[in-house]
There are 4 protein chains.
Amino acid sequence: MNAQVSSPQPAERKTRGRPRDPGAERRILDAALEEYGERGWSGFTMDAVARRAGVGKSTVYLRWQDKDSLLIDAVAARTGSIEDVDTGSFHGDLVEVSANLYRHYLDPAGWATLRLAVDAATSPSSLGTVSARLAEQHTAAVLAIVARAIERGEAPRDLPAAPLVLCLYGAVTMQTLTLAGSERQLPEAEIRRRVTELVDFVLAGRT
Amino acid sequence: MNAQVSSPQPAERKTRGRPRDPGAERRILDAALEEYGERGWSGFTMDAVARRAGVGKSTVYLRWQDKDSLLIDAVAARTGSIEDVDTGSFHGDLVEVSANLYRHYLDPAGWATLRLAVDAATSPSSLGTVSARLAEQHTAAVLAIVARAIERGEAPRDLPAAPLVLCLYGAVTMQTLTLAGSERQLPEAEIRRRVTELVDFVLAGRT
Amino acid sequence: MNAQVSSPQPAERKTRGRPRDPGAERRILDAALEEYGERGWSGFTMDAVARRAGVGKSTVYLRWQDKDSLLIDAVAARTGSIEDVDTGSFHGDLVEVSANLYRHYLDPAGWATLRLAVDAATSPSSLGTVSARLAEQHTAAVLAIVARAIERGEAPRDLPAAPLVLCLYGAVTMQTLTLAGSERQLPEAEIRRRVTELVDFVLAGRT
Amino acid sequence: MNAQVSSPQPAERKTRGRPRDPGAERRILDAALEEYGERGWSGFTMDAVARRAGVGKSTVYLRWQDKDSLLIDAVAARTGSIEDVDTGSFHGDLVEVSANLYRHYLDPAGWATLRLAVDAATSPSSLGTVSARLAEQHTAAVLAIVARAIERGEAPRDLPAAPLVLCLYGAVTMQTLTLAGSERQLPEAEIRRRVTELVDFVLAGRT
DNA sequence: AATTAATCGAGACGGTACGTCGGGTCTTATG
DNA sequence: CATAAGACCCGACGTACCGTCTCGATTAATT
């Protein structure tokens, strides 16, 4: 998916003057993500990002109005491809998509998505919609899974999809929330175990 | 409840010289909360807090080692009394406790709890336990509710309490996450409606 | 006079390709002078000059290698025709030429000449000769006047011309130096009065 | 002399809070002068000054509002003790004071005084008076010399002192103006020779 | 007519310095 | 001693300009 979230300039296509370096954007986003991963939020510096991307600060500020916007986009760019999943069974799909989210949250960049969403919720800025947009992407993916399951007759026609998404994603979020720094290295098997437990709970008596 | 979380210096009682102004602590915490509510995280300034509290910066730093600690305490001080609930029915208790959480999250100070928990999860600092402690409080409360329900025969003995808590709290969290600034004023009825939907979903086929 | 001082590229005459816009040079110099007059040195910007001249920055940098060179030329272009003066008497000539200089210094562009000369004196750049060249022009003019006066018998054959030039020009310079922004609008009569006083002093006992 | 020219803050004496480091001011001024001497105007950086002075940038900006103000003060601080001179004879005094000025101008810091004066004359800022104040100091010194000479009977009672000062100082200024970088190392004897020539010219027929 | 080569306006580029702001510490004089 | 005030060092912020570069679009002189 990976749609720009707060997105560099509305892009008035006139092609007057030197065109923007098409590679710069990618390089900056990557640099931002790496910096964020290595130094964390409080060590995250625009100067460092620019330097690492081999770019002048003006080039960064030409595309993003401030630090937050950049980080949001950098982080949102990573938030793709969680969603498309098709294992053949309803239960399997939910486990798969939840495990994806779980893994996403264990990655510093992925976790940053959540942090920014939390920030955005109360901040007076215009970025308030970030979380909503991100959430929509996820929701849509799970809704597709549910629709498929209903088609296949694996789920009742009146299965309340919205609460299901909220519960599943929320549960994963809450669980990763309690994992401190060192514990954030879970083996794949453990992730699947935890996720399966949640899916089982959510699906109990509905298949 | 309101246990100090990272807490002003243990304060070795020796009482030589001028005693600490007993009101200062409260004034600082209040000021911190107000500042945080009005300006958000990025506008939250130690100078501003001190000024609003009518206090010197040293007085603040004498009690809290840094900005994070202060905000954590300021926020934790508000985080009380979510938990004890007894409406007489399992369903009612869950609705009540979820609504409490919902309301808590709509308050800037309450929301800050979540933000700090998110921060703490990846930060190398010693605050990593904050979220855990907070989560424990909540979990314990819901576990008590579940135990009571089982006693009353309203729930099966093998009801998986842990996933239930995660799903319910997670779902509330995710839902408030998508609420932007202006939408964060929900009428009580709307809160109950949303919460009831979630509880119904979680309890379906289990009562 | 108006010789190019650091001058737009020697221009190797080959004339293939589009010829340079003949008006651009003039427009840029004018714009530079106006900008300098309005904003002063620290507000003098290449972008602004280009914009005002209705020209791309490349067009400017194609003709002058840097900001200094442009300003020098812009300013030197205005520095003409101070020198040729012939009133018929020695005293009259000196008054005339001094008044010319005085007026020149009250004009922002003229004043800029001095500023650049001062800059050039210590800067390691190759502009070091600017002041010298300018000074030579002036000196030559006054020397001509002195020679004429000696011919006419108005001045002794051993009149030390060099110190005379230094004193006269120096005195005018120092006097304009103490004039702040608002005071730099002197009526013609006042200029003549001040200049006459200086010439009288310098000529005393020598005619 | 060395009066503050644009001078750090009017200084509202209340002595609340930590007093300003009394050494900082001196250290900053010295650092500024050294930086200016070594790197010249265009290489003169606030960061470098602060670093060299072992001081934070805020400490600098607390005392001077911007780069210009600092440089003016740094440079003005050096402009002292040119003036007091008493060799016993009128001619000797003038030679002495002129040689002092000459030497002052050959020093980068001293030359900067002139540069700033020139800047100040046209700049819209409030520093327009710098040059005037500086000039006054010098003028006053020479006037004292003239007065003494008249007392001693070495000069006529009606000697026009003002033009004399202007001519002498102006001539020295103009002469140093034509000296390029490398030529600015004159042996003491050469300075005296040049200065004596000027004084002789100015005094001719008046002693 | 097609080609070639230079110039043009526009504006993005990598840098560097600016002046501001905030964190956390330190130093006074006053309780 | 603690306190209120406020200066201190540090380092990041976002802006502004410099001088360079790269576009697409002219504009002539040369094929």
Side-chain angles (χ1 to χ4, degrees), chain A residues 14-22 24 42-51 53-67, chain B residues 14-21 24 42-51 53-68, chain C residues 14-22 24 42-51 53-68, chain D residues 14-22 24 42-48 50-51 53-67:
Chain A
K14 221 32 153 298
T15 20
R16 249 339 189 104
R18 176 176 179 173
R20 295 195 178 170
D21 178 345
S42 59
F44 181 77
T45 292
M46 290 304 254
D47 292 73
V49 169
R51 209 177 316 118
V55 137
K57 268 210 289 177
S58 35
T59 302
V60 179
Y61 278 102
L62 202 55
R63 288 153 216 268
W64 291 275
Q65 47 167 319
D66 57 18
K67 202 160 86 144
Chain B
K14 217 47 149 297
T15 35
R16 258 256 266 178
R18 176 173 176 175
R20 291 195 178 174
D21 178 345
S42 60
F44 182 75
T45 294
M46 290 303 257
D47 292 72
V49 170
R51 206 176 319 117
V55 138
K57 270 210 286 179
S58 33
T59 304
V60 179
Y61 277 101
L62 206 51
R63 288 152 215 265
W64 291 274
Q65 47 168 321
D66 57 20
K67 200 161 85 143
D68 291 326
Chain C
K14 217 44 150 299
T15 37
R16 211 83 117 127
R18 174 173 179 173
R20 291 193 179 172
D21 178 344
S42 60
F44 181 76
T45 292
M46 289 304 255
D47 291 72
V49 170
R51 207 176 319 118
V55 136
K57 270 208 287 177
S58 34
T59 303
V60 179
Y61 277 101
L62 206 52
R63 288 152 217 266
W64 290 274
Q65 46 168 324
D66 58 18
K67 201 162 83 144
D68 291 327
Chain D
K14 219 37 151 294
T15 24
R16 227 22 164 97
R18 176 175 178 174
R20 294 195 177 170
D21 179 345
S42 60
F44 181 78
T45 292
M46 289 303 255
D47 292 73
R51 207 177 317 118
V55 138
K57 268 210 288 179
S58 35
T59 302
V60 178
Y61 278 101
L62 202 53
R63 289 154 216 267
W64 291 275
Q65 48 168 320
D66 57 19
K67 202 160 87 142

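Numbered from 1 within each chain, the chains take letters A, B, ... in sequence-line order. Fair warning: this is a prediction, and the values are worked out from it, not measured in the lab. Because only heavy atoms are used, hydrogens play no part in the values below, and waters and symmetry mates are left out as well, while side chains stay in.
Distances were taken from every side-chain heavy atom of B/Arg63 (C-beta onward) to each of F/dA2, E/dG22, F/dG19; the shortest belongs to F/dA2. Residue B/Leu62 places its side chain closer to F/dT3 than to any other of F/dC8, E/dG23, F/dT3.
Between B/Val55 and B/Val60, some side-chain heavy-atom pair lies under the 4.5 Å cut-off. Here the side chains of B/Arg51 and B/Thr45 are not in contact, with every heavy-atom distance at 4.5 Å or above.
Checked against side-chain contact (heavy atoms from CB on, under 4.5 Å), D/Ser42 has no partners two or more places apart in sequence or in another chain. With sequence neighbours left out, the salt bridge (Lys or Arg N to Asp or Glu O under 4.0 Å) criterion links D/Lys67 to no other residue. Residues that satisfy the side-chain contact (heavy atoms from CB on, under 4.5 Å) test with C/Ser58, not counting sequence neighbours, are absent from this structure.
In this entry the distance linking CG of B/Asp66 with C1' of E/dT25 reads 13 Å, nearest Å. To the nearest angstrom, P of E/dG24 lies 4 Å from OH of B/Tyr61. One can place CZ of D/Arg51 at 12 Å from C1' of E/dT16, the figure rounded to the nearest angstrom. C/Gln65 has its CD atom 9 Å from the P atom of F/dG19, to the nearest Å. Distance D/Lys67 NZ to F/dA16 C1': 13 Å, rounded to the nearest Å. If you measure from atom CE of C/Met46 to atom P of E/dG15, you get 21 Å, rounded to the nearest angstrom. Spacing between atom CG of C/Asp47 and atom C1' of E/dG11 amounts to 10 Å, rounded to whole angstrom units.
Between B/Ala24 and D/Val55, it is B/Ala24 whose nearest contact on DNA chain F lies nearer the 5' terminus. Where C/Asp21 and A/Pro22 meet DNA chain E, the nucleotide closest to each residue was compared, and C/Asp21 sits on the side nearer the 5' end.
Of all the heavy atoms in C/Arg63 and C/Asp21, the pair that sits closest is NH1-O, 3.8 Å. The shortest heavy-atom contact between C/Tyr61 and C/Asp66 is CE2-CA, 4.1 Å.
For C/Arg20 and F/dT26, the shortest distance from a side-chain N or O to OP1 or OP2 is not below 4.0 Å. Listed pair A/Thr59 / E/dG14 meets the phosphate criterion, a side-chain N or O lying under 4.0 Å from OP1 or OP2.
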Heteroatom pairs (N/O) under 3.5 angstrom, protein to nucleotides 26-30 of chain E:
unit_1, atom_1, unit_2, atom_2, d
E/dC26, O2, D/Arg18, NH1, 3.1
E/dT27, O4', D/Arg18, NE, 3.4

